[in-house]
Amino acid sequence: MRPTIFISYNSGVQQEETLAVRLQTIGAVNGFHTLLPDRFNHKSVVDRETINRIQESDYFLIFATSHRLSKIVEQEIEIAFQHFKDPSKIIVLYDPKGSNITSSPHSDKLTLITFDPHNETVDLVIKKIINVINVEEKSKEKKEQQNGLLALLGIGLGLWALGSIINED
């Protein structure tokens, strides 16, 4: 059984939105159930549909390439924490260069994992994630969910690294 993964992004950060949409598409083609926030009518407040999507999910994920988390993402994290009550299910991958994400008032409600696409490999970051999300669960279903999550995270990290290399040129 593959997990349902809610993938968020900071409003107005094109790189993050593009990454979230691509990851959703790749996930769907490969049998993952991935959900994105509904930001069509509400760009500054979490709407009911987004809350429902978060509550349907097994994990909350964001690839934060910008310097801070937007107010709407912080609201989504709060909703996710109320739902999961487990910071290891709320994963924020971020580039530590110039980031102040660690000073977020919600940092105790999530799992922060750094990724410097210019100096770290995807494999190294996946190992960091494995150490955090407790992949030693005994249940076969939990192991399958975590393997699905790790596969999707690996794809997302690869897309992020590729985008960083391309944007340098």
Side-chain angles (χ1 to χ4, degrees), residues 1-11 13 15-39 46-66 69-70 72-95 99 101-102 104-115 120 122-161:
M1 177 177 171
R2 295 204 172 126
T4 299
I5 302 170
F6 182 87
I7 305 169
S8 189
Y9 55 89
N10 285 302
S11 298
V13 181
Q15 180 183 7
E16 290 181 24
E17 184 174 357
T18 300
L19 179 58
V21 170
R22 285 183 178 159
L23 201 52
Q24 182 192 35
T25 302
I26 290 168
V29 168
N30 290 288
F32 289 94
H33 189 213
T34 53
L35 304 169
L36 297 174
D38 179 9
R39 301 243 176 98
V46 180
D47 68 358
R48 184 83 207 84
E49 181 58 29
T50 297
I51 292 169
N52 291 341
R53 291 174 187 180
I54 292 170
Q55 292 173 342
E56 287 178 36
S57 302
D58 299 303
Y59 291 93
F60 179 101
L61 174 63
I62 180 171
F63 293 86
T65 62
S66 62
L69 296 176
S70 65
I72 197 163
V73 168
E74 288 185 348
Q75 291 171 27
E76 290 169 352
I77 288 170
E78 184 62 40
I79 292 163
F81 186 75
Q82 289 171 12
H83 169 64
F84 298 127
K85 296 178 180 37
D86 180 356
S88 71
K89 300 226 176 223
I90 304 168
I91 300 169
V92 177
L93 292 134
Y94 73 100
D95 188 337
S99 175
I101 290 175
T102 55
S104 166
H106 302 285
S107 61
D108 62 330
K109 297 176 180 173
L110 49 86
T111 300
L112 290 167
I113 299 174
T114 59
F115 177 50
E120 292 179 296
V122 170
D123 287 346
L124 176 70
V125 179
I126 291 292
K127 286 177 186 171
K128 284 193 238 180
I129 295 166
I130 288 171
N131 290 330
V132 171
I133 66 168
N134 190 18
V135 293
E136 296 180 19
E137 292 277 345
K138 301 277 188 251
S139 135
K140 181 180 177 185
E141 181 179 318
K142 288 286 183 191
K143 281 185 181 180
E144 287 176 359
Q145 278 191 353
Q146 290 168 338
N147 285 338
L149 173 67
L150 291 170
L152 206 57
L153 284 167
I155 293 166
L157 289 165
L159 289 171
W160 182 357

I want to check something: taking the side chain as every heavy atom from C-beta on, are [X] and [Y] in contact at a cut-off of under 4.5 Å?
X: I126; Y: L153; value: yes
X: I62; Y: E76; value: no
X: L112; Y: T114; value: no
X: F81; Y: L110; value: no
X: L93; Y: I129; value: yes
X: Y9; Y: S70; value: no

Can I get a per-line list of side-chain donor-acceptor pairs under 3.5 Å for residues 23-33, giving both atom names and the distance, sequence neighbours left out?
from, atom 1, to, atom 2, distance (Å)
Q24, NE2, T34, O, 3.4
T25, OG1, V21, O, 3.0
N30, ND2, I26, O, 2.8
H33, ND1, T4, OG1, 3.2

Quiz question: by atom type and distance under 3.5 Å, do the side chains of S57 and K89 form a donor-acceptor pair?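 No pair is found: no donor N or O on one side chain lies under 3.5 Å from an acceptor on the other.
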What is the minimum heavy-atom distance between I72 and S11, and which atoms define it?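 What the structure gives for the nearest pair is CG2-OG, 3.6 Å.
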Out of curiosity, I113 CD1 to K127 NZ, how far, rounded to the nearest 0.5 Å?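 Going from the CD1 atom of I113 to the NZ atom of K127 covers 14.5 Å.
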Dump the intermediate steps for salt bridge (Lys or Arg N to Asp or Glu O under 4.0 Å) on E120 and K128, then the final yes or no. CA-CA 11 Å; E120 292 179 296; K128 284 193 238 180; 2.9 Å; yes
Just to verify, what does F115 make a ring-ring contact (aromatic ring centres under 6.0 Å, His included) with, not counting sequence neighbours?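 Once residues adjacent in sequence are excluded, the partners of F115 under the ring-ring contact (aromatic ring centres under 6.0 Å, His included) criterion are W160.
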